[in-house]
Amino acid sequence: MTNRIWGFIKSVLLIELLIGLSVTLRNQFRPHTTVEYPRETPNLKPRFRGIPRLRKNPETGEDLCVGCLLCEKACPDDCIKVVPEKRPDGKGKQAAKFIINYERCCFCGLCVDPCPTKPLTAIYMSHDFELASESRTKFYYPMNNLYEGAQIKEYSR
Amino acid sequence: MTVNEPASTLDTDIMEVNMGPQHPSTHGVLRLKLKIDGETVVGCEPIIGYLHRGTEKLCESLSYPMVEPITDRLDYVCAMSENLGYMGAVEKLCGISVPERADFVRVIMVELNRIASHLLWLGTHALDIGAMTVFLYCFREREMILDLFEEFCGARLTYNAFRIGGLLEDLPPGWTGRCRQFLKVYPACQKEYEDLLTKNRIWLKRTKGIGVISGEEAVEIGLTGPSLRGSGVGYDVRKAHPYSVYKRFEFDVPTGENGDTYDRYLVRMEEMRQSLRIIEQALDTLPEGPIRAKVPNWLKPLKGEVYHSVESPRGEQGFYIVSDGTDKPYRMRFRGPSFANLQALPQLCVGHLVADVVALIGTLDIVLGDVDR
Amino acid sequence: MNEETKGGAPPAGGEGEKPAPRPAPRARTGGLSEEELTKEVPSRVVERLKSSFPDAIEEVTYFAGNPIVVVKTDRLIEVMSFLKNDADLYMRQLADLCGADYPDRPQRFELIYQPNSIRHGHRITLKIRIAEGEEAPSLTGVWKSANWFEREAYDMLGIRFKGHPNLTRILLSDDWVGHPLRKEYPTEGRPEDHMLLRDPGFRPPDIMTGDLPFKP
């Protein structure tokens, strides 16, 4: 009975409405959490998976890729094509052509998984994710474009 | 001029109305053919398949590790559960036992993802009914979880986080601390949502007594997950057929009483708390050790077939794999919980107003990527 | 990411397919052996089924601790009603229903059912085999949830169900030709899209002139 009376008083005084309003009022004074994306760059974590790119040995500047085709075989989307060739010094192989079709790529990271060059893998998931383009040809990256780092895009307001 | 019209001419005609496929509240591309009498729904036929991508056929031409990114895209809101279910199925098929640490990390991820998924559900469900603020708050907290995921596996939605036999990489340094930080912050946030909704008069009016389904009926029609537990049937795959290391954790399976939209809301809110409990226990007892069993890259399972199911935030997510001894699955079947749950919609809708259909789609928590596969 | 590549992956270098066929597909899993996986496990459901329907069961196999029972097609509804209503089994839910296609077998299609007991926690895989053109008995009278699953099996494999109230395509559009999950249905899409990168004589496109090997 007391419960019912208390419930009646509550509903007359609009208690639950006031509780709700107090929640929204409290949130007015919280710090902002929004990142205004094109103007601010989002804070990417080290393991972030952007588009796959190729890497050179940072010490010697040589190609790391040994043309083993494992990434091509592991790719679920068939977006990698590697044409291996003999290295000029006769030891092992290197990639003569390495093409990634970013139209197909699903950013899964399975190509990095079997890469045999250790400890730095030849193919790696970079932090670039701004891929939008006005033409389909731009999604077809030949080998020399794969080495370049992130191309910073300028936005104007 | 006739004066005395028979009363029957005052009846309204039954009208057929399409809701969707681009209706904002259908959570994807779902088309409902509604038969309405005035404002009341008298018949409802869901028309699905707008997002059908042929994943089951696609898997037949991919090797076992390659299927994982595809499971991400079935139920994209809780990709971790899909990953775990698929990994579990393959590991069952091959008889691989996973290192303990990997199992614990998987459970932490899946439970975090359950919270994230329920947050997205709560936000959009409340938004459909008209509570805009909750949506913004839910997404703010979901962002914290997604940050944790990004730190662990590098992606925020399609995680591809696990590998057959364990994990690809261990937890990054300091991750457990940040996870604990989230566990500390989150209960207060959930209290905020409950302050806004649980006793809210509009919310009660819109959800209480809407879409009532009895436990027996719900089992019959194939409902699983929170939608089933809202009707009082405490069936949870984590308890009934324990997989991974769920046996070691203490948690309750919340159930509702009336089987209406409000009860399903309460069940999901309680489930988030239980997930927090599981994560806390897992973090406390996280063992050290290897994270990946020795599994060849080119996996060739024996001839055989398995059915493995996990409890995704939406219900029983089943994976049925037939192997013919090659490196590609002969038949891959994804049993989507949303597909089975959506089947109950016509039964729930009838007799309610068109505005309630929006609430009912929300309460079933369907993801169209999972329905259409 | 480290040791596995040495042991399991095909030899690096891409010498192409090896022509010599292997004598028998040997399992490469690093997991349990065949004997352990196909070991018989005691199952109450199978015992009950064997005692109640000795003539309806064609075959019982086990894989990874799960019994797989093949029953005769014409006895399916009887067996399923028994599983659903028997107080000892009480499998009130049909968790999944799907079809599979084996074109080499005389009975081409398999329908796989996963009934599930919520009260007792039983689980079993039940199968029937049907030939092409044959109709499978519809389970919509036993479980309501079979409705959409059967429609999906019809849509994907072209299996017709006798007694289904509304056997139409569900995921594909009504005017779709063919049934995608049949093995003869092509897996790969338009050759100009897909085989592009697999072609050994493939020439990378000249980005400057926009010379593309496919039509955008």
Side-chain angles (χ1 to χ4, degrees), chain A residues 6-7 10-28 30-35 42-52 68-80 104-116 121 124-127 129, chain B residues 58-59 61-73 131-134 136-137 139-141 143-144 146-161 163 168-169 171-173 175 178 188-189 191-204 296-298 327:
Chain A
W6 180 233
K10 258 185 168 176
S11 62
V12 167
L13 293 178
L14 297 173
I15 297 278
E16 55 298 350
L17 184 73
L18 292 177
I19 292 174
L21 285 177
S22 74
V23 169
T24 42
L25 188 71
R26 248 182 289 142
N27 276 281
Q28 294 294 313
R30 278 207 186 170
H32 281 252
T33 48
T34 320
V35 178
N43 180 22
L44 298 176
K45 304 288 187 292
R47 286 184 189 173
F48 180 80
R49 293 202 308 255
I51 57 175
C68 67
L69 306 180
L70 281 179
C71 47
E72 192 183 315
K73 286 212 169 84
C75 180
D77 303 328
D78 263 357
C79 72
I80 302 177
R104 273 181 187 284
C105 181
C106 75
F107 301 77
C108 62
L110 285 180
C111 48
V112 185
D113 218 3
C115 189
T121 51
Y124 74 107
M125 304 305 276
S126 68
H127 283 194
F129 57 92
Chain B
L58 185 57
C59 293
S61 59
L62 296 176
S63 71
Y64 284 94
M66 288 184 196
V67 177
E68 204 197 346
I70 289 179
T71 62
D72 284 340
R73 284 151 180 85
M132 175 87 190
T133 327
V134 184
L136 297 172
Y137 295 170
F139 269 64
R140 186 184 60 200
E141 266 75 68
E143 199 68 11
M144 296 182 195
L146 295 191
D147 280 345
L148 288 174
F149 286 157
E150 189 187 336
E151 217 173 315
F152 168 64
C153 64
R156 300 169 69 82
L157 194 70
T158 49
Y159 308 112
N160 193 20
R163 294 291 185 275
L168 176 64
E169 283 169 295
L171 294 174
W175 192 91
R178 283 186 284 279
C189 301
K191 198 178 163 294
E192 276 185 1
Y193 318 141
E194 301 211 36
D195 282 348
L196 283 172
L197 293 176
T198 309
K199 295 269 169 60
N200 187 322
R201 215 174 295 174
I202 305 168
W203 182 259
L204 289 172
N297 256 11
W298 247 247
D327 61 341

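Below, chains carry the letters A, B, ... as their sequence lines are ordered, and counting in each starts from 1.
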Approximate separation, where rounding is to 0.5 Å, of K45(A) NZ and E150(B) CD:
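Answer for the NZ-CD pair, K45(A) versus E150(B), is 5.0 Å.
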With rounding to the nearest 0.5 angstrom, report the SG to CD1 distance, C106(A) to I70(B).
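So the gap between those two atoms works out to 8.0 Å.
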Indicate the atoms forming the closest heavy-atom contact of [X] with [Y], along with that distance.
X	Y	value
R140(B)	T33(A)	CG-OG1, 3.8 Å
R26(A)	E192(B)	NH1-OE2, 4.0 Å
P76(A)	L62(B)	O-CD2, 3.5 Å
R163(B)	D113(A)	NE-OD2, 2.9 Å
A74(A)	M66(B)	O-CG, 3.6 Å

Note: R49(A)-E169(B) ion pair, threshold 4.0 Å (strictly below)
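Between E169(B) and R49(A) there is no salt bridge, as every charged N stays at least 4.0 Å from the carboxylate O atoms.
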Under 4.5 Å from any heavy atom of chain B - which part of L21(A):
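It is neither, since no heavy atom gets under 4.5 Å.
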Is it the backbone or the side chain of [X] that comes under 4.5 Å from a heavy atom of chain A, or both, or neither?
X	answer
T158(B)	backbone
Y159(B)	backbone
D147(B)	both

Mark yes when over 12 heavy atoms from residues, nucleotides or ligands other than L157(B) sit less than 6.0 Å from its CG; otherwise mark no.
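Yes, CG of L157(B) has more than 12 neighbouring heavy atoms, counting only those of other groups under 6.0 Å.
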Donor-acceptor pair, R47(A) side chain versus F152(B) backbone, under 3.5 Å?
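Yes.
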